[in-house]
Amino acid sequence: NNCTKLFDLDLRKLSYIIKISEFVICYEGLFNHIASCFNKKNFLIHTGFLPLSFSHYPNNIVIENNANMSCFPCYKFDCKDHNKSINENLSEEFVIKKINDNI
């Protein structure tokens, strides 16, 4: 709800939107790095694909629940154990509560 999906932006427009946003919610990756360039509050949903040190910045509010994952960090694009663990440990309710607690 209350979101606009823009899938065809070039990097410059994407960076500008992140810069003027109140905050960002994303996984490890490009959006996280751009948000950090602008010191933008970023709710980083850490899936455990990579160690947190690969994408950790001071502006991040890390949302994770990787302690119970048998394959953390996973490093695999198609790991059935990891996908199952994410669904069990990072529910929508868990993520939304963490965001609401930190807005």
Side-chain angles (χ1 to χ4, degrees):
N1 294 333
N2 299 321
C3 294
T4 302
K5 297 176 184 172
L6 304 170
F7 294 113
D8 59 348
L9 295 176
D10 61 40
L11 189 56
R12 180 180 226 154
K13 289 176 186 170
L14 171 65
S15 298
Y16 178 73
I17 288 172
I18 289 174
K19 180 182 180 193
I20 64 171
S21 296
E22 188 174 330
F23 58 86
V24 175
I25 302 171
C26 66
Y27 296 113
E28 306 99 316
L30 178 65
F31 293 0
N32 175 51
H33 298 299
I34 294 172
S36 298
C37 290
F38 299 111
N39 200 29
K40 185 63 56 182
K41 179 188 272 191
N42 181 38
F43 294 96
L44 176 67
I45 302 170
H46 184 235
T47 63
F49 175 71
L50 297 170
L52 184 57
S53 60
F54 284 32
S55 57
H56 185 67
Y57 295 101
N59 60 298
N60 286 347
I61 298 167
V62 179
I63 302 171
E64 68 177 342
N65 195 11
N66 298 326
N68 297 325
M69 296 177 80
S70 62
C71 61
F72 170 70
C74 187
Y75 298 108
K76 296 179 183 174
F77 286 116
D78 190 24
C79 175
K80 290 180 180 130
D81 290 337
H82 191 83
N83 291 336
K84 181 181 177 200
S85 292
I86 287 181
N87 290 332
E88 291 173 358
N89 294 312
L90 281 175
S91 68
E92 291 176 17
E93 294 81 15
F94 180 84
V95 172
I96 290 169
K97 181 179 181 335
K98 292 285 188 176
I99 292 169
N100 284 333
D101 289 348
N102 289 284
I103 286 190

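Positions are given from 1, in the same order as the sequence printed here.
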So which atom in [X] and which in [Y] form the shortest heavy-atom distance, rounded to 0.1 Å?
X	Y	answer
Ser55	Asn60	O-ND2, 3.0 Å
Ile45	Leu90	CG2-CD1, 4.1 Å
Leu44	Glu28	CD1-N, 3.6 Å
Lys40	Asn59	O-ND2, 2.6 Å

Results of side chain to side chain donor-acceptor pair (under 3.5 Å) for [X] - residues two or more places apart only:
X	value
Asn65	none
Asn100	none
Tyr27	none

* Quick one: do Leu11 and Ile34 satisfy side-chain contact (heavy atoms from CB on, under 4.5 Å)? Show the steps, please. => CA-CA 10 Å; Leu11 189 56; Ile34 294 172; 3.9 Å; yes

For the atom pair [atom1] ([X]) and [atom2] ([Y]), what is the distance rounded to the nearest 0.5 Å?
X	Y	atom1	atom2	answer
Ser36	His56	OG	NE2	9.5 Å
Asp101	Ile63	CG	CD1	9.5 Å
Cys26	His33	SG	NE2	9.0 Å

* Asked: Ile61 and Lys98: side-chain contact (heavy atoms from CB on, under 4.5 Å), yes or no, with the steps?
  -> CA-CA 9 Å; Ile61 298 167; Lys98 292 285 188 176; over 6 Å; no

Residues that [X] engages under side chain to side chain contact (heavy atoms under 4.5 Å, CB included), provided they are two or more places apart:
X	result
Lys19	Phe38
Lys13	Leu9, Asp10
Ser21	Ile17

* Asked: Around atom CZ of Phe94, are there more than 12 heavy atoms of other residues, nucleotides or ligands at under 6.0 Å?
  ->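 Counting other residues, nucleotides and ligands, CZ of Phe94 exceeds 12 neighbours.
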
* Ile103 and Phe43: CA distance, side-chain angles, deciding distance, side-chain contact (heavy atoms from CB on, under 4.5 Å) verdict -> CA-CA 10 Å; Ile103 286 190; Phe43 294 96; 4.0 Å; yes

* Same cluster or not: are Phe23 and Val95 linked, directly or through other Ile, Leu, Val, Met, Phe, Trp or Tyr residues, by side-chain heavy atoms under 4.5 angstrom apart? ->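 Yes, it is one cluster - the side chains of Phe23 and Val95 are joined through contacts under 4.5 Å.
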
* Hey, quick one: are Val24 and Leu30 part of the same hydrophobic cluster, counting side-chain heavy atoms closer than 4.5 Å, chains of contacts allowed? ->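 Val24 clusters together with Leu30.
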
* Go through Leu14 and Phe31 one step at a time and tell me if the side-chain contact (heavy atoms from CB on, under 4.5 Å) criterion holds. => CA-CA 9 Å; Leu14 171 65; Phe31 293 0; 3.5 Å; yes

